[in-house]
Structure formats: structure tokens, C-alpha cells
Amino acid sequence: MKKHYLFGLAISAAFAVKSQTVVDFESTILSPETYNNGSDLSGGFTYGYSHFSNYYDTLFDYNTGFSISNVADNTTPGYTNQYSAITGSGYNSSNYAVFYPDGKITMTPLVANLILSARITNTTYAALSMMNGDVVGKKFGDSTNAQGQYDGTNGEDYFILKIYGRTTMGDTTGMVEVVLADFRFADNSQDFILQDWIDVDLQALNSAIANVDYISFDFESSDIGTFGINTPTYFAMDDFIFTAGTIGLNELSNDYKIYPNPVEDKLRIENAIGNLKISDAFGKTVFASHLNGTTNVDFSRLTSGIYFVSIENEGSIFTKKVIK
């Protein structure tokens, strides 16, 4: 399997984590080899605390945003096969989501969430366009565009998915890039077009500034024409994972001091009385103790990542996210 590159940035936030949700799209009922592209005008698909938006235009019979599919045809090129993943199936399941701009994943307001990960791959339409070229998109690795004109790339082509965490005000909380195809290697044997489900860590979308209210998507490609990107701007998603929980009155911040954040070796907790529990992003407890004032917790043995420091006292719970 080729090397895939993920980039991101992350900082800390405070909220209470309740449960983990895996959106595998299987609850959407589909007949075999079909898809739901929003033609029922429902406006999208809701799974737990998340909503995958969809817009369907009845006049011109097209849709944007997310569709849910189980189409297995990963050999037919072109727009007529826009709802299939190049893998021929979901990740260990039948259903998966297909995205075409514009659309977003909206998280339920007033619910604290932590975005964890998702499985990502190319659609058949995008992958075969990059592999072989078509009437609009070039064959990746060639120095000419679809019209046979030199395009200045020298065949060093790329196709990148950009994933953004956003607040309701539109501020960016974090960003992750997923390289869907890359022909920029000095060793051409390393060039690749993604054809497997890869596990993309999305924890970099989470921020101390505010909760992630929605997730948006953008694309970047080396194949640019008069009207923008020539590469079909699609991707497929499965197993979108996040944690979520309502913030109640007994879970609001108090006078506890927890620092430094990010932490390297020692995390200092001041003015705290009660039961301490530190868990990782997937809910596994890595440290537990009873607090009576001030203490230092050894983080040097823990791997880099996101952790939750929870202090419980007489029914009140304070939870703060820290970065190692």
C-alpha cells in the first residue's frame, strides 16, 4: 500500500464526553446496487448527533452534498457512475457516503463533541479519470492536459481533499488534508491514486476556541482549467467517528487550574478535591486517583494525543481536554 500523507493542527478545549458514535451509514435502507441522492428532498441524512447535508435540484436533476450508496461498480468510468467507491464497497460493510460539493456535516448544537476519525477513499469516477484521463480531466503523470496541450505540470500531479472544522460563525477550528493522489515523488514508483479505505485521524479539527459546529470540505488539484478543477471533485467516506455529550449545569467550569496545556511531562492540577480520571480520546482510562488540593500527574509515559481530565465531586463533573 502506498504512503498517504495527513496534515493538521490542533489545540485544546474543555467539555464533557459521554459516548462514542460510529456512523457507518448502514441504517439507511437501500436495495442492492442503488443509492439515495436526496431526490426525496429530505435535505440530508441524520445519524445520532450528526447531519450530512444534501441538496437536490428537481429542475436540472442533480444533487450536491452527501449521497448514500452501496453501488459496487468500480470499473465503469465517467459521470454516469458517480455514486460508486473505487473499493467496490464500504469499509467492511455495504453502505458508504459519496460527497460532491457543496455540503457539510453539521453537529447538533449545544452538544459537546470531539471529532475522531473517518475512513476515506476515492470514488470510481475520480479515480478512473486520474488513471486514464477523460474529456475534461487529464491522465495523472502526463505533461499534457485532456486536450493534449502542455499544462506546465511535468506530470507532477496531485489531488487533495481538505477537511475543515468550523464554528457557526464560520471560524476555522482546525484542518486536515488527505492526499487522494500524488505524482510528485522523485521515484515514480511511489506515485499513487488512492484505491483503499484509509483511516484518517480528524482530531486536529477540534479546538479550544469553540465547539466544532460543522465540518466542510474543499479540494485542490494540479489539473486546473478555465472553470476551475478538472479532476472530478468527489470522495467517498465511511465510519465517521465522534464522541458527543450534553453539557449540563453540573459540568460547567470552576476554579480548577490545570496546566500546562499542551503538556509534555507533568500536568499540574490545583484547587481540586474529588475523584480524578484521565482518559484518552477513545474513552480508555489511563490514570485514576483521588485529589485533595494540588497534584502533579506524570504524562511522560503517555503517547502524544488528546486526553480528558475529569474531576468528580458530589455529583458535579468538570472535564477538560488536554494535548500531549
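Fair warning: this is a prediction, and the values are worked out from it, not measured in the lab. Counting begins at 1 with the first residue of the sequence.
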Item checked: Side chains of T46 and H51, donor plus acceptor under 3.5 Å -> yes
Note to self: Please tell me whether S93 and E26 have a donor and an acceptor in their side chains that are separated by less than 3.5 angstrom.
What the structure shows: yes
Next item on the list: May I ask whether M130 and I224 are part of the same hydrophobic cluster, defined by side-chain heavy atoms of I, L, V, M, F, W, Y residues being less than 4.5 angstrom apart, directly or through others?
Entry: yes
Next item on the list: Please name all residues satisfying ring-ring contact (aromatic ring centres under 6.0 Å, His included) with Y234, sequence neighbours left out, ordered by chain then number.
Entry: Y100, Y125
Notebook entry, point to check: With no hydrogens and no angle check, do the side chains of T87 and W197 hold a donor and an acceptor under 3.5 Å apart?
Noted result: yes
Note to self: Please evaluate residues N211 and T167 with respect to the criterion side chain to side chain contact (heavy atoms under 4.5 Å, CB included), reporting the C-alpha separation (whole Å), side-chain torsions for both, the decisive distance (0.1 Å), and the verdict.
What the structure shows: CA-CA 7 Å; N211 208 25; T167 69; over 6 Å; no
Notebook entry, point to check: To the nearest 0.5 Å, how far apart are CG in L202 and CD1 in I105?
Noted result: 8.5 Å
Next item on the list: Apply the side chain to side chain contact (heavy atoms under 4.5 Å, CB included) test between T124 and each candidate in V71, T76, N74; give the one that qualifies.
Entry: N74
Checklist line | Rounded distance [0.5 Å steps], NZ in K324 versus CG in N261 | finding: 12.5 Å
Margin query: Testing the 3.5 Å rule here: is there a donor-acceptor pair between the side chains of D73 and T75?
Written below: yes
Next item on the list: To the nearest 0.5 angstrom, please state how far the OG1 atom of T64 sits from the CG atom of D102.
Entry: 6.5 Å
Next item on the list: Report the C-alpha separation of D298 and K266 in whole Å, then their side-chain angles, then the decisive distance to 0.1 Å, and conclude whether the side chain to side chain contact (heavy atoms under 4.5 Å, CB included) test is met.
Entry: CA-CA 5 Å; D298 183 12; K266 300 290 184 180; 3.8 Å; yes
Check: Would you say the side chains of D223 and N230 form a donor-acceptor pair under 3.5 Å?
Finding: yes
Notebook entry, point to check: Should F235 and V136 be regarded as members of a common hydrophobic cluster, given that ILVMFWY residues are connected when their side-chain heavy atoms come within less than 4.5 Å of each other, either directly or indirectly?
Noted result: no
Check: Does any pair with a residue in residues 274-284 pass side chain to side chain donor-acceptor pair (under 3.5 Å), and if so which ones, sequence neighbours excluded?
Finding: N275-H290
Check: Is there a side chain to side chain contact (heavy atoms under 4.5 Å, CB included) between I311 and L291 once you walk through the steps?
Finding: CA-CA 8 Å; I311 302 170; L291 298 176; 4.0 Å; yes
Note to self: Apply ring-ring contact (aromatic ring centres under 6.0 Å, His included) to residues Y158 and F185 and explain how you reach the verdict.
What the structure shows: CA-CA 10 Å; Y158 58 87; F185 296 97; over 10 Å; no
Note to self: I want to check something: taking the side chain as every heavy atom from C-beta on, are M131 and Q195 in contact at a cut-off of under 4.5 Å?
What the structure shows: yes
Item checked: Side-chain (S129) to main-chain (T231) donor-acceptor, under 3.5 angstrom -> no
Item checked: Main-chain N/O of K104 paired with S53 side-chain donor or acceptor, under 3.5 Å -> yes
Check: Should I198 and I193 be counted in the same cluster of Ile, Leu, Val, Met, Phe, Trp and Tyr side chains packed under 4.5 Å apart?
Finding: yes
Item checked: In one Ile/Leu/Val/Met/Phe/Trp/Tyr side-chain cluster, 4.5 Å: Y214, L114 -> no
Note to self: F219: which residues meet the ring-ring contact (aromatic ring centres under 6.0 Å, His included) condition with it, sequence neighbours left out?
What the structure shows: F159
Check: Checking N81 side chain against G78 main chain: does a donor-acceptor pair fall under 3.5 Å?
Finding: no
Checklist line | side-chain hydrogen bond (donor to acceptor under 3.5 Å, both in side chains) partners for S216, two or more places apart | finding: R166
Check: Can you list the steps and then say if Y164 with F217 is a ring-ring contact (aromatic ring centres under 6.0 Å, His included)?
Finding: CA-CA 6 Å; Y164 295 91; F217 305 89; 9.0 Å; no
Item checked: Sidechain-backbone polar pair: N95 side chain, T28 backbone, donor-acceptor under 3.5 Å -> yes
Next item on the list: Check whether F60 and Y55 end up in the same hydrophobic cluster, where Ile, Leu, Val, Met, Phe, Trp and Tyr are linked by side-chain heavy atoms less than 4.5 Å apart.
Entry: yes
Check: How many angstroms lie between CZ in F66 and CG in N37, if you round to the nearest 0.5 Å?
Finding: 14.5 Å
Item checked: F299: ring-ring contact (aromatic ring centres under 6.0 Å, His included) partners, not counting sequence neighbours -> Y307
Item checked: Approximate separation, where rounding is to 0.5 Å, of I241 CD1 and S117 OG -> 3.5 Å
Checklist line | Side-chain touch I163/M175, heavy atoms, less than 4.5 angstrom | finding: no
Note to self: Show, in sequence, the C-alpha distance, side-chain angles and deciding distance for V297 and L276, and conclude whether the side chain to side chain contact (heavy atoms under 4.5 Å, CB included) test is met.
What the structure shows: CA-CA 10 Å; V297 179; L276 168 68; 4.0 Å; yes
Checklist line | D239 side-chain N/O to D24 backbone N/O, donor-acceptor pair under 3.5 Å | finding: no
Check: For the atom pair CG (D196) and OH (Y91), what is the distance rounded to the nearest 0.5 Å?
Finding: 11.0 Å
Next item on the list: May I have the step-by-step check of side chain to side chain donor-acceptor pair (under 3.5 Å) for T153 and K138, ending in yes or no?
Entry: CA-CA 11 Å; T153 64; K138 67 174 293 185; 3.0 Å; yes
Item checked: Qualifying ring-ring contact (aromatic ring centres under 6.0 Å, His included) pairs, either residue in residues 20-42, two or more places apart -> F25-Y47, F25-F52, Y35-Y83
Note to self: Pairing donors with acceptors under 3.5 angstrom, does anything connect the side chains of N70 and S94?
What the structure shows: no
Next item on the list: Output, in order, the C-alpha distance, side-chain angles, deciding distance and verdict of side chain to side chain donor-acceptor pair (under 3.5 Å) for S189 and D187.
Entry: CA-CA 5 Å; S189 67; D187 180 359; 2.7 Å; yes
Check: Is N206 close to V212 at the side-chain level, that is, under 4.5 Å between some pair of heavy atoms?
Finding: yes
Item checked: From N296, T295, I258, V263, residue fulfilling side chain to side chain contact (heavy atoms under 4.5 Å, CB included) relative to R268 -> N296
Notebook entry, point to check: Quick one: do the D213 and T106 side chains pair a donor with an acceptor below 3.5 Å?
Noted result: no
Next item on the list: Start with the C-alpha gap between F242 and F240, add the side-chain angles, then the distance that decides, and say whether ring-ring contact (aromatic ring centres under 6.0 Å, His included) holds.
Entry: CA-CA 7 Å; F242 62 93; F240 172 61; 5.4 Å; yes
Notebook entry, point to check: What's the shortest heavy-atom distance between A97 and I68, and which atoms?
Noted result: CB-CD1, 4.0 Å
Check: Just wondering, are more than 12 heavy atoms of other shown residues or ligands nearer than 6.0 Å to CD in E264?
Finding: no
Next item on the list: Any chance you could lay out the side chain to side chain donor-acceptor pair (under 3.5 Å) test for S143 and D151, step after step, and finish with the verdict?
Entry: CA-CA 6 Å; S143 58; D151 58 11; 6.0 Å; no
Note to self: Strictly distance-based, threshold 3.5 Å: is any side-chain N or O of N122 a donor or acceptor partner for the main-chain N or O of L194?
What the structure shows: yes
Checklist line | Any donor-acceptor pair under 3.5 Å from S31 side chain to T34 backbone | finding: no
Next item on the list: Please report the C-alpha distance between D40 and S42 in whole Å, then the side-chain angles of each, then the deciding distance to 0.1 Å, and finally whether the side chain to side chain donor-acceptor pair (under 3.5 Å) criterion is met.
Entry: CA-CA 5 Å; D40 57 0; S42 62; 3.1 Å; yes
